[in-house]
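Every heavy atom of this structure was used, including side-chain atoms; hydrogens, water molecules and symmetry mates were not. This structure is a prediction, so every number in the text was calculated from the model and none was measured.
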Amino acid sequence: MAPIGSLWGDLRQRQTKYILSAATIAGLEVDLKPFEFGVTNKSPEFVAKFPFAKIPAFEDEDGFILLEGASIARYVASLAPESGLLGNSIKDAALVDQWIHFAEHEINAYTDLVWQLVERFFPEKAYSESVHKSVFERQERSLKFLEQNLNLRKFLVTDGITLADIILAGVIQRAARVTLGAAERALYPNVFAYYARVAGDPRIKDIFGAADFVEVPVAPKKDE
């Protein structure tokens with residue numbers, strides 16, 4: 001089978017994991033191009049196609065270009081409707097989209113904010129303990145909601161893995177490497193049993209790789 005298109009991404013990146021996992025479950029092949037951050041994405045050829053110079057980035061043989069990991073993964077899933085990645089009905093598809101947005105905006109957005117605060121991506125001395133606490137509490141609220149929803153469910157939408165499960169698992173993996181230490185993870189047994197179920201699926205286990213969870217949440221670096 002010929003590849004459905006070319007993908008520029010990094011296997012350490014959750015968005016690239018979304019796309020490759022969706023392609024694997026769908027029985028499709030994606031041509032993952034060699035990529036060196038800061039080199040490949042700064043080349044004139046790359047920037048001409050993808051002006052933001054961001055990954056993941058996708059192009060098919062017809063010159064159809066897509067950006068953003070969830071969008072690329074959804075396109076891949078749509079090429080194999082029989083895979084069940086988008087559910088089995090219009091309502092299922094709407095629920096898949098709902099949970100994707102929830103994962104990206106109600107969990108991962110706060111992981112990114114905490115990381116940026118701790119790593120001082122904002123102007124010098126911009127770290128704020130109160131902002132850090134507030135952002136973490138927002139993520140905590142979302143995780144409690146998810147914990148309740150997974151109480152009696154194996155997967156989010158259907159009896160099998162959908163794109164929503166893949167994306168949520170990627171988001172949970174990243175959160176457990178940044179904001180959720182061992183003590184925090186213990187508060188969400190349903191969430192992490194679910195994560196293990198999705199990320200441990202034999203078809204995509206190697207794509208997700210080792211969990212590499214932190215023992216304690218990342219903390220701000222002390223001032224020199």
Side-chain angles (χ1 to χ4, degrees), residues 1-11 13-33 35 49-50 52 54-109 142 145-146 149-174 190-191 193-209:
M1 178 185 295
I4 60 170
S6 298
L7 177 68
W8 290 263
D10 190 315
L11 282 170
Q13 183 187 40
R14 61 183 173 81
Q15 298 97 322
T16 298
K17 293 179 182 181
Y18 301 167
I19 299 160
L20 296 179
S21 295
T24 297
I25 290 177
L28 301 171
E29 183 181 345
V30 175
D31 182 14
L32 184 63
K33 295 294 187 181
F35 182 85
K49 291 180 180 179
F50 312 109
F52 280 124
K54 290 174 57 179
I55 57 170
F58 174 86
E59 182 182 26
D60 74 5
E61 63 180 10
D62 297 323
F64 175 60
I65 285 174
L66 271 178
L67 304 174
E68 303 299 336
S71 297
I72 299 169
R74 198 185 196 290
Y75 172 70
V76 170
S78 72
L79 297 178
E82 71 284 353
S83 68
L85 284 168
L86 299 179
N88 304 310
S89 68
I90 293 174
K91 289 182 179 180
D92 282 353
L95 286 170
V96 168
D97 286 342
Q98 168 195 281
W99 284 111
I100 289 172
H101 286 291
F102 172 83
E104 297 257 272
H105 299 291
E106 297 295 338
I107 298 178
N108 191 72
S142 300
F145 172 77
L146 182 60
N149 273 271
L150 289 172
N151 187 38
L152 298 174
R153 300 189 65 86
K154 188 175 181 181
F155 299 110
L156 288 172
V157 179
T158 68
D159 292 333
I161 290 178
T162 66
L163 185 60
D165 297 302
I166 291 170
I167 290 179
L168 180 58
V171 164
I172 293 299
Q173 186 182 68
R174 172 158 167 74
N190 293 333
V191 171
Y194 162 83
Y195 166 80
R197 193 156 50 245
V198 177
D201 184 286
R203 296 170 294 179
I204 59 177
K205 182 178 180 179
D206 290 344
I207 295 171
F208 269 81

When rounded to the nearest 0.5 angstrom, what is the spacing between [atom1] in [X] and [atom2] in [Y]?
X: Gln15; Y: Ile55; atom1: CD; atom2: CD1; value: 8.5 Å
X: Ile107; Y: Arg174; atom1: CD1; atom2: CZ; value: 13.0 Å
X: Arg153; Y: Asp159; atom1: CZ; atom2: CG; value: 8.0 Å
X: Lys49; Y: Phe58; atom1: NZ; atom2: CZ; value: 11.5 Å
X: Asn190; Y: Asn151; atom1: CG; atom2: CG; value: 5.0 Å
X: Phe35; Y: Leu7; atom1: CZ; atom2: CG; value: 10.0 Å

Any heavy-atom pair between the side chains of [Y] and [X] that's under 4.5 Å?
X: Trp99; Y: Leu146; result: yes
X: Asp60; Y: Ile4; result: no
X: Leu20; Y: Leu11; result: yes
X: Phe155; Y: Thr162; result: no
X: Ile167; Y: Phe102; result: no
X: Lys154; Y: Arg197; result: yes
X: Val198; Y: Ile172; result: no

More than 12 heavy atoms of other residues, nucleotides or ligands under 6.0 Å from [atom1] of [X]: is that the case?
X: Phe64; atom1: CZ; answer: yes
X: Gln98; atom1: CD; answer: yes
X: Asp62; atom1: CG; answer: yes

Where [X] and [Y] come nearest, the two heavy atoms and their spacing:
X: Ala77; Y: Ser83; result: O-OG, 4.3 Å
X: Leu32; Y: Gly9; result: CD1-N, 4.1 Å
X: Ala103; Y: Leu168; result: CB-CD1, 3.8 Å
X: Ser21; Y: Phe208; result: OG-CE1, 3.6 Å
X: Gly69; Y: Ile19; result: O-CG1, 3.7 Å
X: Val76; Y: Ala22; result: CG1-C, 4.1 Å

* **Trace of the side-chain contact (heavy atoms from CB on, under 4.5 Å) decision for Val171 with Tyr18** => CA-CA 10 Å; Val171 164; Tyr18 301 167; 3.5 Å; yes
* Asked: Among all residues two or more places apart in sequence or in another chain, which pass the salt bridge (Lys or Arg N to Asp or Glu O under 4.0 Å) test with Arg203?
  -> Asp201
* With sequence neighbours excluded, what pairs up with Asp10 under the salt bridge (Lys or Arg N to Asp or Glu O under 4.0 Å) test? -> Arg12
Backbone of [Y] reached by a side-chain donor or acceptor of [X] within 3.5 Å:
X: Ser142; Y: Glu106; answer: yes
X: Lys33; Y: Trp8; answer: no
X: Asn149; Y: Phe145; answer: yes

* **Ile166 and Leu85: CA distance, side-chain angles, deciding distance, side-chain contact (heavy atoms from CB on, under 4.5 Å) verdict** => CA-CA 9 Å; Ile166 291 170; Leu85 284 168; 3.9 Å; yes
* Report the C-alpha distance between Val30 and Thr24 in whole Å, list the side-chain angles of each, state the deciding distance to 0.1 Å, and finish with yes or no for side-chain contact (heavy atoms from CB on, under 4.5 Å). => CA-CA 9 Å; Val30 175; Thr24 297; over 6 Å; no
* To do: With sequence neighbours excluded, give me every salt bridge (Lys or Arg N to Asp or Glu O under 4.0 Å) pair touching residues 69-87.
  =>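 Matches after skipping sequence neighbours: Arg74-Asp97.
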* Tell me yes or no: between the side chains of Ser71 and Glu68, is some donor less than 3.5 Å from an acceptor? =>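 Glu68 and Ser71 do not have a side-chain donor-acceptor pair below 3.5 Å.
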* Asked: Using 30° and 60° as the class limits, which term best fits the ring planes of His101 and His105: parallel, tilted or perpendicular?
  -> parallel
